[in-house]
Amino acid sequence: MAVSSPDFSSPLEAFLRQQLPALSGAMRLQKIGGGQSNPTYFVDFDNRRMVLRKKPDGDVLPSAHAVDREYRVMRALADTALPVPPTVLYHPESDVIGTPFYLMERVEGRVFADNALPDMAPDGRRAIYLAMAETLAQLHRIDWRAVGLEGFGKPGQFFQRQLRRWTQQWALSKTRENPAIDALLVWLADHLPDDDRTTLTHGDFKLNNLMFHPTEPRVVAVLDWELSTLGHPLADVAFNTVAWRTLPSEFGGIRGLDLASLGIPDEHDYLVHYYRTVGHDGQAEPFHWAFAFMRWAVIFEGIAARAHRGNAVADDAAAVGALSLAMAQRGLEAIDTPVPHF
């Protein structure tokens, strides 16, 4: 969904014509609606189509909305087999449009907002889901040192550090009491895993952050790298599979749907495909899903906090923020959900 152009059109156009002198024709700027994080815009000229990502206006949580990190990781991945949009430029100052921002080339393809993939044949749905698993495995096989991401995060003790971070985020974004989040944080601190593997992680790897080829079940761009870091791959795996554990009313989950008739792999088959493709040892445990749902709960609470402050990105931010309660309950449920080993 596109909405009206913002009031920084003129200074942005002047800046871009200075930085990219080959641009021709008038600039067309449209905000892309539907996201909850960094405001995103189509920036079109007669001879070039780009996408702009910026920080939200107003006060934001420390370390959140890190457009500089998005830009860095996509530049680093440009020459790898993992598909990412080509980057154009990063501007770290707030003098042009009020916040730092970056530009990337616009990639043509399909982004699926509905995890149930309506209006698609069962074999098409299955192919889309398996391609998602393969792309996640491809990400986790990247040699992050070789592509210049040394210092992009701290190797080791990922869950310990993340637990501290999300505990702080919860304290900063809390708009009401949520005992389930408090209980999750206590349980997670008492059940930290010993496995200390480090890979590049996306942090928000889900279907609607992937762009697929216009006609083929093939990922042509991995989008929204705001939460990427050097971390533990099973954090990505659990986050990626929360859709199987949440209802359609809970931010578009697929729990309760007839997956067999839809052609969508069940969680077991999806995970088997990922594990076989990635080739690493180790499988997700209840801890990893409890951690994923805790993150979701705090993220949704942050959305509610931005709505309360009046600088939310999406119009439905207040309603989405209410999902914090549901996600925290799903996290507690994950603690007691047995996980088969393959």
Side-chain angles (χ1 to χ4, degrees), residues 33-39 55-56 58-66 113-115 159 161-191 202-209 224 226-227 229 231 235-256 286-337:
Q36 295 289 350
S37 185
N38 293 328
K55 285 194 173 187
D59 295 332
V60 297
L61 292 176
S63 78
H65 310 286
D114 189 335
N115 286 320
F159 288 112
R161 288 182 286 102
Q162 283 286 297
L163 196 55
R164 287 195 297 269
R165 175 190 174 186
W166 288 101
T167 299
Q168 292 167 356
Q169 296 287 76
W170 167 227
L172 289 167
S173 61
K174 183 187 293 188
T175 61
R176 62 207 149 175
E177 295 302 315
N178 189 332
I181 291 182
D182 296 330
L184 272 175
L185 289 169
V186 170
W187 186 89
L188 289 165
D190 290 339
H191 293 82
H202 182 275
D204 196 14
F205 196 94
K206 56 191 194 314
L207 190 64
N208 67 351
N209 279 335
D224 200 354
E226 175 191 346
L227 296 174
T229 190
D236 267 352
V237 171
F239 192 86
N240 179 229
T241 52
V242 297
W244 279 266
R245 296 167 178 244
T246 50
L247 299 170
S249 60
E250 297 169 338
F251 212 57
I254 56 176
R255 180 173 179 167
F287 173 91
H288 301 102
W289 278 285
F291 180 82
F293 278 113
M294 178 276 296
R295 276 190 57 212
W296 262 125
V298 176
I299 287 170
F300 285 135
E301 196 64 39
I303 294 169
R306 293 202 300 275
H308 182 74
R309 293 193 300 267
N311 64 328
V313 176
D315 293 337
D316 62 344
V320 172
L323 286 168
S324 175
L325 302 171
M327 292 297 166
Q329 289 298 327
R330 291 299 184 200
L332 294 177
E333 181 182 283
I335 291 172
D336 298 318
T337 302

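As a basis for the values below, the full set of heavy atoms in this structure was taken, side chains included, without hydrogen atoms, waters or symmetry mates.
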Checklist entry - For Phe205 and Asn240, which heavy atoms make the closest approach, and how far apart are they? => result O-ND2, 3.0 Å

Item to check | Test item: Leu227 and His202 side chains (from C-beta on) under 4.5 Å apart, heavy atoms | outcome: no

Checklist entry - With no hydrogens and no angle check, do the side chains of Trp296 and Ser324 hold a donor and an acceptor under 3.5 Å apart? => result no

Checklist entry - For Ser249 and Leu323, which heavy atoms make the closest approach, and how far apart are they? => result O-CD2, 4.0 Å

Item to check | Check: Arg176 and Glu301 side chains under 4.5 Å, non-hydrogen atoms | outcome: yes

Checklist entry - Got a sec, which residues hit salt bridge (charged side-chain N to carboxylate O under 4.0 Å, His left out) with Arg255, two or more places apart in sequence or on another chain? => result Glu333

Next on the checklist: For Gly252, is there any backbone N or O sitting under 3.5 Å from a side-chain donor or acceptor partner on Asn115?
Outcome noted: yes

Item to check | Ring centers of His288, Phe159 separated by less than 6.0 Å | outcome: yes

Checklist entry - Checking side-chain contact (heavy atoms from CB on, under 4.5 Å) for the pair Phe251/Thr246: CA distance, chi angles, key distance, verdict? => result CA-CA 8 Å; Phe251 212 57; Thr246 50; over 6 Å; no

Checklist outcome for this item: The side-chain contact (heavy atoms from CB on, under 4.5 Å) partners of Gln168 (sequence neighbours excluded) come to none

Item to check | Test item: Gln329 and Phe293 side chains (from C-beta on) under 4.5 Å apart, heavy atoms | outcome: no

Checklist entry - Of Asp182, Asp190, Leu184, which is the lone residue that meets side chain to side chain contact (heavy atoms under 4.5 Å, CB included) with Val186? => result Asp190

Checklist entry - Taking it one step at a time, do Trp289 and Thr241 satisfy side-chain contact (heavy atoms from CB on, under 4.5 Å)? => result CA-CA 8 Å; Trp289 278 285; Thr241 52; 2.8 Å; yes

Checklist entry - Does some side-chain heavy atom of Asn38 sit less than 4.5 Å from a side-chain heavy atom of Pro56? => result yes

Item to check | Distance (rounded to the nearest 0.5 Å) between Lys174 NZ and Ile181 CD1 | outcome: 8.5 Å

Item to check | Nearest atoms (heavy-atom pairs only) where Ala290 meets Ala334 | outcome: N-CB, 4.0 Å

Checklist entry - Angle class for the Phe291/Phe287 ring planes (parallel below 30°, perpendicular above 60°, tilted otherwise)? => result parallel

Checklist entry - Got Ile254 and Pro248 here, is their nearest side-chain heavy-atom distance under 4.5 Å? => result no

Checklist entry - Going by heavy atoms in the side chains, are Glu226 and Asp204 under 4.5 Å from each other? => result no

Item to check | Sidechain N-carboxylate O distance under 4.0 Å for Glu250, Arg330 | outcome: yes

Checklist outcome for this item: Heavy-atom nearest pair, Asp236 first then Gly203, reads OD1-N, 2.9 Å

Checklist entry - For Trp166, which residues count as a ring-ring contact (aromatic ring centres under 6.0 Å, His included) partner, sequence neighbours excluded? => result none

Item to check | Distance, nearest 0.5 Å, that separates CG of Leu185 from CZ of Arg164 | outcome: 13.5 Å

Item to check | Any Met294 side-chain heavy atom under 4.5 Å of Leu163 side chain | outcome: yes

Checklist entry - Is a side-chain donor or acceptor of Asn209 paired with a backbone partner of Asp224 at a separation under 3.5 angstrom? => result no

Item to check | pair Met327-Ile299: side-chain heavy atoms closer than 4.5 Å | outcome: no

